[in-house]
Amino acid sequence: MVSRVIPVEPFDLVIFGGTGDLARRKILPGLFRRFCAGQMPKNSRIIGAARADMDAAAYQAFVGEAISEFGGARTCEDGTLQEFLAQISYQTVDIRGDNGWDMLKADLSGDGRVEAFYFSVGPSLFGDIAERLHRFGMATPDTRIVVEKPFGRDLDTAKALNATLATHFEEGQIYRIDHYLGKETVQNLMAVRFGNVLFEPLWNSQYIDHIQITVAETVGVGGRGEYYDKSGAMRDMVQNHLMQLLCLIAMEPPAKFDPDSVRDEKLKVIRALEPVELHHMVRGQYEADGDEPDYRTAVNDPRSRTESFVAIKAHVSNWRWAGTPIYLRTGKNLVARSSEIAVVFKPLAHSIFSTGEADLPSNVLAIQLQPNEGITMNVTIKEPGPGGMRLVDVPLDMTFAEALGEEGGDPPDAYERLIMDVIRGNQTLFMRGDEVEAAWAWTDPIIEGWQARHDVPKPYEPGSSGPTDSDQLMIRDNRKWREIKV
Ligand code: NAP
């Protein structure tokens with residue numbers, strides 16, 4: 001079976017920060033792939049905007065290089081790159097000043113098509129862009145704006161940012177991006193849960209022992225040390241990506257698969273999260289590894305108390321999840337790059353086999369998001385061949401990559417999909433303002449508690465699974481983290 005590509009209507013997309021890292025690595029190559037797949041119509045326009053002084057030809061060359069470096073392996077017919085580049089222009093704009101905005105407006109097609117503005121710049125510029133789009137007559141009721149993370153650094157700043165954007169745009173025009181939500185498997189998680197009769201009846205604390213959500217990276221802070229040290233794993237990963245995954249796994253079935261029904265249910269999950277007890281969290285900082293500096297050296301602060309690892313035992317306080325903890329874990333410089341949600345079911349109530357029920361492995365539904373996307377269900381079967389009823393635990397693979405792959409290559413990556421959703425006007429996979437605020441309202445007291453107690457993160461070895469205290473968090477509950485592996 002081959003998935004269908006449904007073209008979107010022609011659009012104008014302005015990328016503020018069009019020369020930046022995100023535009024180069026993700027947005028522009030992603031748009032090119034959608035163009036190759038036939039999803040982006042040929043008369044659509046992409047306008048890069050930044051302070052650098054360059055003309056359209058120089059920007060097209062920049063985009064061509066970005067595509068050859070980050071374009072991925074997908075094939076495209078000869079000449080397609082030139083056709084794509086012909087749709088690209090550039091406008092020099094100083095977001096903090098008034099230069100370039102009139103020219104930008106004049107460059108828009110202005111024929112009633114969708115106009116989207118991607119804020120791919122530092123968050124301190126979001127308010128300036130919104131205000132100037134309004135002042136220079138580009139904020140119409142049909143305009144869409146795409147806002148990158150981080151969305152605030154605490155509840156107060158997120159509220160202020162929401163209020164600034166709300167001065168110029170309706171909530172229905174604001175697309176707050178969390179690229180985890182654009183992953184194929186995240187959407188498949190909803191399809192598996194709500195499109196099958198098999199899972200939903202078991203999706204509660206009666207049958208599920210616990211859930212583990214792990215987002216592990218092998219890289220350290222790299223060149224982002226200064227930024228990262230002001231944020232830490234809690235703000236950089238838990239408040240947004242892990243929280244979004246937790247919502248999708250724990251939410252009630254929405255009445256419909258429409259943006260507000262889904263986001264209403266996610267919001268209820270965040271609001272049902274209990275405050276986290278002190279002994280239910282572990283923070284860590286990675287140590288040195290050969291020539292690689294330790295965390296404190298990497299961020300150039302020998303006294304830094306910011307965490308590069310965090311593990312949390314969370315509880316969603318409602319009827320469905322009472323008694324079933326959700327363990328969250330994320331960190332840098334860990335043993336493998338792997339993002340996974342594992343739903344671990346309870347042991348059998350009674351075993352008819354000579355193996356006692358306690359010795360039978362639990363069923364596990366594992367949803368891998370990174371580096372390879374896929375869903376596996378571990379089930380117990382009889383080991384083939386003679387030798388009596390010997391039982392083995394085997395994965396039932398639900399990846400279906402080949403069966404469902406798009407014609408000519410892989411399915412779209414998260415950014416490609418999300419940008420096309422912006423053009424279609426579908427906000428289901430974007431965070432609503434109240435969701436972001438609720439997530440900060442849960443996160444803030446945790447961070448404030450660490451600061452008030454002058455909490456010092458535990459050291460951990462690079463290439464490990466985090467501090468040993470993180471293992472203890474599970475062992476105390478008679479449970480075990482799943483191995484972090486690709
Ligand atoms: P970046 O590499 O520093 O690029 C910033 C862009 O903004 C450049 O194009 C820069 O061009 C432009 N810019 C800066 N000040 C400007 C001004 N006053 N007026 C007009 N343009 C201005 O940043 P990035 O890594 O692309 O990140 C962009 C946003 O995406 C940030 O919010 C970041 O947190 C978020 N994000 C990035 C990644 C990633 O992988 N990079 C991942 C997730 C989220 P000029 O200097 O020429 O003006």
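One-based numbering, in listed order, for ligands and for the atoms of each.
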**Q** Counting non-hydrogen protein atoms only, what is the nearest one to atom 47 (O) of ligand 1? Give residue, atom name and distance.
**A**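 The closest one turns out to be A52 N, 3.1 Å.
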**Q** Counting non-hydrogen protein atoms only, what is the nearest one to atom 18 (N) of ligand 1? Give residue, atom name and distance.
**A**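 Residue, atom and distance for the closest contact: D94 OD1, 3.2 Å.
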**Q** If you measure from the Lys or Arg side-chain nitrogens to the Asp or Glu carboxylate oxygens, is any gap between D229 and R296 under 4.0 Å?
**A**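 Looking at D229 and R296, the cut-off is not met.
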**Q** Between F119 and F16, how do the two ring planes meet: parallel, tilted or perpendicular, split at 30° and 60°?
**A**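 Taking F16 first and then F119, their aromatic rings stand perpendicular (interplane angle over 60°).
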**Q** Is the positively charged end of K149 above the ring of F151, judged by distance under 6.0 angstrom from the centroid and angle within 45° of the axis?
**A**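 Geometry flag: not set, cation outside 6.0 Å or 45°.
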**Q** How close does the nearest protein non-hydrogen atom get to atom 36 (N) of ligand 1, and which residue and atom is it?
**A**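 Ranked first by proximity to atom 36 (N) of ligand 1 is E148 OE1, 3.8 Å.
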**Q** For a 4.5 angstrom cut-off between non-hydrogen side-chain atoms, does E171 reach R176?
**A**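 Yes; the side chains approach each other to less than 4.5 Å.
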**Q** Note the single closest protein heavy atom to atom 22 (C) of ligand 1, along with its residue, its atom name and the distance in Å.
**A**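 Here the nearest protein heavy atom works out to R51 NE, 3.9 Å.
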**Q** Could you tell me whether D413 and K183 have a side-chain N and a carboxylate O separated by less than 4.0 Å?
**A**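 Judged by the 4.0 Å cut-off on N to carboxylate O distance, D413 and K183 do not form a salt bridge.
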**Q** Around atom 34 (O) of ligand 1, find the nearest protein heavy atom and jot down its residue, atom name and distance.
**A**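 Minimum-distance protein heavy atom for atom 34 (O) of ligand 1 reads K149 O, 2.9 Å.
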**Q** Do protein heavy atoms approach atom 3 (O) of ligand 1 to less than 4.0 Å?
**A**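 Looking at atom 3 (O) of ligand 1, one finds that no protein heavy atom lies closer than 4.0 Å.
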**Q** Can we say D260 and R263 salt-bridge, meaning some charged N sits less than 4.0 Å from an Asp/Glu carboxylate O?
**A**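 Salt bridge present between D260 and R263.
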**Q** Against heavy atoms of S120, which atoms of ligand 1 measure under 4.0 Å?
**A**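 Near S120, the atoms of ligand 1 are 28 (C), 29 (C).
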**Q** Check contact between K26 and ligand 1, using heavy atoms of the residue and a distance below 4.0 angstrom.
**A**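 K26 does not count as a contact of ligand 1 under the 4.0 Å cut-off.
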**Q** Among all the protein's non-hydrogen atoms, which is closest to atom 12 (C) of ligand 1, and how far away is it?
**A**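 Residue, atom and distance for the closest contact: G17 CA, 3.9 Å.
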**Q** Classify the contact between L125 and ligand 1 as side chain, backbone, both or neither, using a heavy-atom distance cut-off of under 4.0 Å.
**A**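 Side chain only; the backbone of L125 stays clear of ligand 1.
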**Q** Answer yes or no for R113 and F11: cation-pi contact, defined as NZ/CZ to six-membered ring centre under 6.0 Å and angle to ring axis within 45°.
**A**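 Ring-cation test returns no.
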**Q** Pick whichever of D53, I129, D21, I27 has a heavy atom sitting closest to atom 1 (P) of ligand 1.
**A**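 Of the listed residues, D21 has the closest heavy atom.
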**Q** Which ligand 1 atoms, with their elements, are less than 4.0 angstrom from a heavy-atom of G20?
**A**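 The list of qualifying atoms is 2 (O), 4 (O), 8 (C), 9 (O), 26 (O).
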**Q** Do the numbers put R329 on top of the ring of W481, so that NZ or CZ is under 6.0 Å from the six-membered ring centre and no more than 45° off the axis?
**A**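 Yes, a cation-pi geometry.
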**Q** Counting heavy atoms only, which of T92, I15, V121 is nearest atom 31 (C) of ligand 1?
**A**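 Shortest heavy-atom distance from atom 31 (C) of ligand 1: V121.
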**Q** Under 4.0 Å, heavy-atom basis, I'd like to know which part of H179 is in contact with ligand 1: side chain, backbone, both or neither.
**A**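 Neither; no heavy atom under 4.0 Å.
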**Q** Check whether any side-chain heavy atom of M243 lies under 4.5 Å from a side-chain heavy atom of L273, and answer yes or no.
**A**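 In contact.
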**Q** Where the closest heavy atom to atom 20 (C) of ligand 1 is concerned, which of V147, T19, V93, D236 has it?
**A**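 Ranked by closest heavy atom to atom 20 (C) of ligand 1, first place is V93.
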**Q** Considering non-hydrogen atoms of the protein only, which is the closest contact for atom 19 (N) of ligand 1, and what is the distance?
**A**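 Nearest protein contact, heavy atoms only, for atom 19 (N) of ligand 1 is I95 N, 2.9 Å.
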**Q** Distance under 4.0 Å to a non-hydrogen atom of R25: what atoms of ligand 1 satisfy this?
**A**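 Taking each heavy atom of R25 in turn, ligand 1 has 39 (C), 40 (O), 41 (N) under 4.0 Å.
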**Q** May I ask you to identify the nearest protein heavy atom to atom 42 (C) of ligand 1, giving residue, atom name and distance to one decimal place in Å?
**A**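 So the nearest neighbour among protein heavy atoms is L22 CD1, 3.9 Å.
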**Q** May I ask you to decide if the ring planes of F136 and W101 are parallel, tilted or perpendicular, using 30° and 60° as cut-offs?
**A**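 It falls in the parallel class, under 30°.
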**Q** Which ligand 1 atoms does P150 reach within 4.0 Å, using its non-hydrogen atoms?
**A**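 Contacts of ligand 1 toward P150, numbered from 1: 34 (O).
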**Q** A quick test of your reading: do over 12 heavy atoms of other residues, nucleotides or ligands sit less than 6.0 Å from CG of D94?
**A**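 More than 12 heavy atoms, drawn from other residues, nucleotides or ligands, come within 6.0 Å of this atom.
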**Q** Would you call D434 and R432 a salt bridge, taking side-chain N to carboxylate O under 4.0 Å as the test?
**A**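 Salt bridge flag = yes for R432 with D434.
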